[in-house]
Every structure is written in C-alpha cells, then in structure tokens.
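One structure below.
These numbers come from a predicted model, not from an experiment. In the text below, chain A, chain B and the rest are named by the order of the sequence lines, each starting its count at 1.
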2 protein chains.
Amino acid sequence: MNYLNLYQNQPKYNVAVDCIVFGYENDELKLLLYPRHLPPSQGEWSLMGGFVQEDESMEETTIRVLKQSVGLENIFMEQVHAFSKPERDPGARVICMAFYALIRLDQHDKDLVDSYGAKWFPISNLPKLIFDHDDMVKLALEKLQQTASYKLIGKELLPEQFTLTQLHNLYNTIFQRKFDAGNFRKKLSSLNLLQRLTIKDTGSSKRGAYYYMFKEQSEDLIIERIVKV
Amino acid sequence: MNYLNLYQNQPKYNVAVDCIVFGYENDELKLLLYPRHLPPSQGEWSLMGGFVQEDESMEETTIRVLKQSVGLENIFMEQVHAFSKPERDPGARVICMAFYALIRLDQHDKDLVDSYGAKWFPISNLPKLIFDHDDMVKLALEKLQQTASYKLIGKELLPEQFTLTQLHNLYNTIFQRKFDAGNFRKKLSSLNLLQRLTIKDTGSSKRGAYYYMFKEQSEDLIIERIVKV
DNA sequence: GCAAAAGTGTTACCGGTACACCCATGT
DNA sequence: ACATGGGTGTACCGGTAACACTTTTGC
C-alpha cells in the first residue's frame with residue numbers, strides 16, 4: 001500500500017529555520033544579522049534563515065544554512081522555540097523553528113559574511129529586527145543562559161587556547177552580571193574540565209595569564225551547576 | 001503588492017502537533033494514549049495529534065486537539081521539541097511539534113476519552129508507541145522535570161484541595177526518586193505559595209492531613225530551585 | 001616603586017540533607 | 001497500647017558569596 005497521499009486533505013506550509021548566531025569578541029557577545037534581500041521588509045535587519053528541503057530535517061537545514069552563511073561545519077546548536085502564528089511573516093504562511101548556534105569569530109569566513117552584507121552586532125545594542133525575530137533572539141539568549149548554567153560552554157565561542165579571565169568575561173557577558181573572579185576560577189578548577197598549558201598570554205597583563213584548553217571529555221558533560229541562574 | 005506567492009518555489013509540508021498528556025492518579029503519573037485509527041501502524045498506541053490548520057498557531061492547534069480529545073480548556077502546556085526527520089512518519093512527510101500538557105484526571109471527559117478507545121498508562125509501564133513517539137515522551141518527561149524544578153507544578157495535576165503528602169508524592173513520581181518528606185514540606189512552606197485550609201483529609205491517615213490550596217500569585221512564579229534536578 | 005591584572009586564602013553564612021523525634025487518632 | 005501517617009526539630013556538611021590579600025612584571 002502506498003501511503004504517500006495519506007494526509008493530502010491537510011494544509012501544507014513552508015517550513016523554515018532561523019539561526020541566532022552568537023559569536024564572542026572583545027569581551028562582547030555578538031549576533032550575526034543580515035539585511036533581508038526579499039520583500040516584505042526588504043533591507044531591514046533579520047536573522048539568517050532557510051527553508052526546510054525535501055530531504056532534510058530542520059537540524060540539517062540549519063547545518064546547511066550555517067555552512068552557506070558563515071562557512072563553518074560542526075557547529076554547536078540547539079532548538080530554541082517554534083514560531084507559528086499564521087500572520088507572523090506577512091509574505092506568506094511560514095512556520096519557523098529558531099535555532100541558536102555558537103561559533104568562533106576567529107574561524108568564520110569573513111568574506112562570505114561580507115558578501116551578504118551581514119554584520120556582527122553586540123547583543124547589548126541590537127537594531128530592530130523584522131517580524132518576530134526580536135522574540136527569537138530574546139528566547140535564544142535565555143536558552144543560552146540556561147544551557148551555560150549546567151554545561152561549560154566556551155569551547156564553541158573562545159579560541160582554542162584562552163585564559164580563565166577570558167572565560168570569566170564570557171560568562172559575565174552571557175549572564176550580563178559580574179561573577180566574582182576568585183570564586184569563578186575556583187569553581188572552574190573544581191570542575192576539572194580544563195587543562196592548563198605552560199604558556200602564558202601577556203597581551204592583557206604584565207604578569208601574564210596561563211592559557212587553558214578544554215579537556216577531551218569536557219564536551220557534553222552535564223554539571224549540576226556552574227553558576228546560579 | 002501581493003506577497004502571497006512569495007515563497008512558492010519552496011516545498012511545503014503537513015505540520016502537526018502531538019500531545020503528551022500527563023495526568024496524576026493514585027500516586028502515579030499517567031500518560032494518555034490512543035489507538036491509531038489510520039494506517040500505517042493502525043491500531044498501535046500513539047499520542048493524540050492534529051494537523052495545524054490555516055488559521056492556527058501550533059499552540060492553538062494543541063488547544064483544539066486537547067479540547068477535542070479530553071474536553072478541557074485552559075490547559076497548562078509547553079513546547080517540548082520539534083521532530084522533523086524526513087522519514088519519521090512513513091505515511092507522508094509530516095513535521096511535528098511535541099507539546100506536553102498537564103491535566104487533572106478528575107476533571108477530564110472520561111466518556112470522550114473512551115469513545116476514542118484511549119487509555120491512561122502509568123509512565124513506568126508504557127507500551128511501545130508508533131514512530132518517534134517514544135522519544136517525544138522521553139523528552140517531555142525531561143522537560144516536565146526541568147519545569148517542575150523551578151516552578152511549582154501541581155495546580156495542574158492535583159485536585160483543587162490537596163495535602164502536602166500528595167504534592168510530595170507527585171514530585172517523587174515526576175522525578176522518580178524519594179525526596180525527604182520533612183525537607184520537602186519545609187521547602188514548600190518557605191516558598192509561601194500554598195494556603196493551608198482548616199479542613200483535613202482523613203482518607204489516608206487517622207490523624208488527618210491539612211488540605212492546602214495554591215495561592216493566587218503562585219501561578220507562574222519562577223523559583224530559584226524547588227528541588228535539585 | 002607603583003599600577004594592574006593574575007591568582008590565592010579566609011571567613012561567614014545559607015541551604016540542603018539526614019535522621020531523630022513528637023503528634024493525633026482509629027482500631 | 002500501638003500502629004500509622006502527619007508534622008517538627010536539630011545537627012552537620014558543603015557550596016556560595018564577599019572580600020582581603022599576595023604575586024608578577026612592565027613602566
């Protein structure tokens with residue numbers, strides 16, 4: 001029996017993903033935004049998105065879109081929330097899944113990003129976005145905080161080698177508050193997820209700060225609590 | 001300008017929601033399952049679902065489906081995860097959002113549920129489900145635990161008036177472990193979300209246990225932590 | 001020597017946990 | 001009187017927060 005037309009009396013919709021791409025640079029969390037190249041709202045800032053193709057899951061769509069927009073693969077990403085109000089996109093009915101992604105700014109393909117006219121904005125100073133993209137960003141940031149509170153993120157945003165101060169600043173930025181520096185580094189060392197190197201970064205202090213790297217298993221380890229939310 | 005056909009070269013899909021309906025009875029968390037009335041996998045157990053209609057968001061679809069299947073409105077529900085693998089439903093490509101919902105077993109329309117041949121199963125003893133519905137249930141339970149850890153749930157699952165022992169049992173059941181009874185009730189009283197009544201339940205003990213009710217504001221209050229996850 | 005960032009140490013406090021113990025009452 | 005679930009009290013332990021203090025080095 002052929003089931004192909006089983007649900008054919010049911011309505012069908014365009015289904016898309018939108019990517020909330022976070023990067024980190026100069027102690028700032030940044031978001032990658034694109035000038036929309038289609039009406040409606042042509043030219044206004046928006047998230048990069050893409051339609052789900054026949055042979056793709058939404059996750060695969062996101063991987064493809066990220067590859068096409070920042071030139072990277074193997075990106076850390078998570079579903080944020082589905083947006084499905086009938087009138088959310090004035091162009092047509094589009095049901096959209098928001099994904100957030102973490103990338104290393106030093107690795108991405110700058111020329112590719114430029115070719116779209118895309119720009120990195122500090123999350124503290126975002127322009128008005130089209131449609132419901134503001135909501136997507138808000139929820140993505142909350143989800144990122146949620147995740148960062150029980151999973152050590154940083155591997156995805158920091159360079160291969162980094163100082164504890166950089167990681168501390170990253171957490172400060174993500175949560176938009178100041179964690180105590182001493183307590184933060186004690187917590188980190190108790191987690192035993194980082195490997196201290198013998199070389200130091202002397203860029204931001206005279207004394208120099210040891211570089212650290214993530215240990216192998218640190219990848220997807222769930223910790224009870226890194227910081228209080 | 002008319003944008004209606006703007007994305008017309010993009011593929012379209014059936015979009016559905018599936019409902020993980022939790023109820024609570026006899027110190028057990030239960031899940032409402034339906035015998036599937038369509039091929040493929042006709043007759044096997046499945047979640048209740050429905051296709052998203054032209055004028056509906058996914059949330060509205062879920063509300064409609066719940067109204068039609070258990071006869072209740074104003075149900076607590078949350079998005080769990082989107083499932084979108086191309087081959088997940090052998091009948092046709094269907095992109096599906098899983099929602100979990102909490103209902104009071106004493107309030108739902110039993111005749112309506114019976115008319116579908118649906119049954120309540122304790123979550124500790126579920127039959128094999130169709131497609132990826134097992135995954136949906138698993139993720140829904142994790143999401144429920146997540147939510148229950150920082151938000152007092154119970155209003156949605158327990159009768160209007162309930163004893164602390166009942167609430168304690170509910171949390172034990174949701175997390176499938178034994179919280180210390182004394183500590184649990186101390187935590188609850190410190191949160192100050194419950195109103196003790198003057199009447200007692202003498203059903204399960206000679207001494208009798210005070211009934212409690214949720215205070216007004218307790219609804220969507222976020223607490224730092226009710227129980228450790 | 002001094003400024004500035006890196007890194008360590010000290011202490012007080014609060015919340016979670018374990019568990020002992022008392023209470024009320026129907027049988 | 002005693003068994004049973006309801007309910008309270010207490011003592012310990014570990015994590016967190018606040019903050020003082022030391023180290024290193026370039027200027």
Side-chain angles (χ1 to χ4, degrees), chain A residues 26-27 145 148-150 152 154 158-159 161-173 175-213 222-229, chain B residues 26-27 145 148-150 152 154 158-159 161-173 175-213 222-229:
Chain A
N26 302 132
D27 295 344
Q145 290 179 349
S149 71
Y150 61 80
L152 184 58
L158 295 171
Q161 301 173 1
F162 54 90
T163 65
L164 285 187
T165 305
Q166 285 176 276
L167 187 58
H168 176 219
N169 284 333
L170 172 60
Y171 266 76
N172 282 342
T173 307
F175 288 91
Q176 305 190 75
R177 48 189 269 218
K178 295 278 180 198
F179 295 106
D180 180 275
N183 296 333
F184 185 83
R185 71 174 48 233
K186 259 175 293 179
K187 180 70 184 180
L188 262 293
S189 79
S190 81
L191 291 177
N192 200 29
L193 296 175
L194 300 179
Q195 174 69 50
R196 195 175 83 173
L197 307 182
T198 48
I199 50 172
K200 288 188 166 193
D201 164 51
T202 49
S204 64
S205 86
K206 343 251 171 164
R207 179 177 174 180
Y210 281 109
Y211 278 118
Y212 284 77
M213 286 181 65
I222 304 296
I223 294 109
E224 198 223 302
R225 183 153 72 178
I226 296 178
V227 294
K228 273 201 195 182
V229 193
Chain B
N26 300 132
D27 296 345
Q145 291 179 347
S149 70
Y150 60 80
L152 185 58
L158 295 171
Q161 302 175 1
F162 54 89
T163 65
L164 286 186
T165 306
Q166 284 177 276
L167 187 57
H168 175 219
N169 283 334
L170 172 60
Y171 266 76
N172 283 342
T173 306
F175 288 90
Q176 304 187 73
R177 48 189 268 218
K178 293 280 179 195
F179 296 105
D180 181 278
N183 296 334
F184 185 84
R185 74 174 46 232
K186 258 176 290 176
K187 180 69 184 181
L188 262 292
S189 80
S190 81
L191 291 176
N192 200 28
L193 296 175
L194 299 180
Q195 174 69 50
R196 195 175 82 173
L197 307 183
T198 47
I199 48 171
K200 288 189 167 192
D201 164 50
T202 48
S204 64
S205 85
K206 345 251 167 163
R207 178 177 174 180
Y210 281 109
Y211 278 117
Y212 284 77
M213 286 181 66
I222 304 295
I223 295 110
E224 197 224 304
R225 184 152 75 179
I226 297 178
V227 294
K228 275 202 195 181
V229 191

*Within this structure, what is the OH-to-C1' distance between B/Y210 and D/dG6, rounded to whole angstrom?*
11 Å
_What is the distance, to the nearest angstrom, from the OH atom on B/Y211 to the C1' atom on D/dG7?_
17 Å
*Could you tell me the separation between the CG atom of B/D201 and the OH atom of B/Y210, rounded to the nearest 0.5 Å?*
13.0 Å
*Euclidean distance, atom CD1 of residue B/I199 to atom P of D/dG6 [Å, nearest integer]*: 16 Å
*With sequence neighbours excluded, tell me which residues meet ring-ring contact (aromatic ring centres under 6.0 Å, His included) with B/Y211.*
none
*Report the C-alpha separation of A/F162 and A/L170 in whole Å, then their side-chain angles, then the decisive distance to 0.1 Å, and conclude whether the side-chain contact (heavy atoms from CB on, under 4.5 Å) test is met.*
CA-CA 11 Å; A/F162 54 90; A/L170 172 60; over 6 Å; no
*Nearest whole angstrom, please: distance from the P of D/dG6 to the CZ of B/F162.*
14 Å
_Rounded interatomic separation in angstrom, taking CZ from B/R225 and P from C/dC14_ = 17 Å
List every contact pair, protein side and nucleotides 2-5 of chain D side both N or O, where the distance is under 3.5 Å.
none

_A/D27 vs A/N172, side-chain contact (heavy atoms from CB on, under 4.5 Å): CA-CA, chis, key distance, verdict_ = CA-CA 9 Å; A/D27 295 344; A/N172 282 342; over 6 Å; no
*CZ of B/R196 versus P of D/dG6: gap in Å, rounded?*
14 Å
*So, for B/L152 and B/I223, which heavy atoms are closest and what is the spacing to 0.1 Å?*
N-CD1, 4.1 Å
*Pull out every residue in residues 178-191 of chain A that has a heavy atom closer than 4.0 Å to any atom of DNA chain D, ordered by number, or say none.*
A/D180, A/N183, A/K186, A/K187
_Around atom NZ of A/K200, are there more than 12 heavy atoms from other residues, nucleotides or ligands closer than 6.0 Å?_
yes
*Whole-Å distance separating the CG atom of A/D27 from the C1' atom of C/dA5*: 13 Å
*asked:* Rounding to an integer number of Å, can you tell me how far B/D201 CG sits from C/dT25 P?
replied: 14 Å
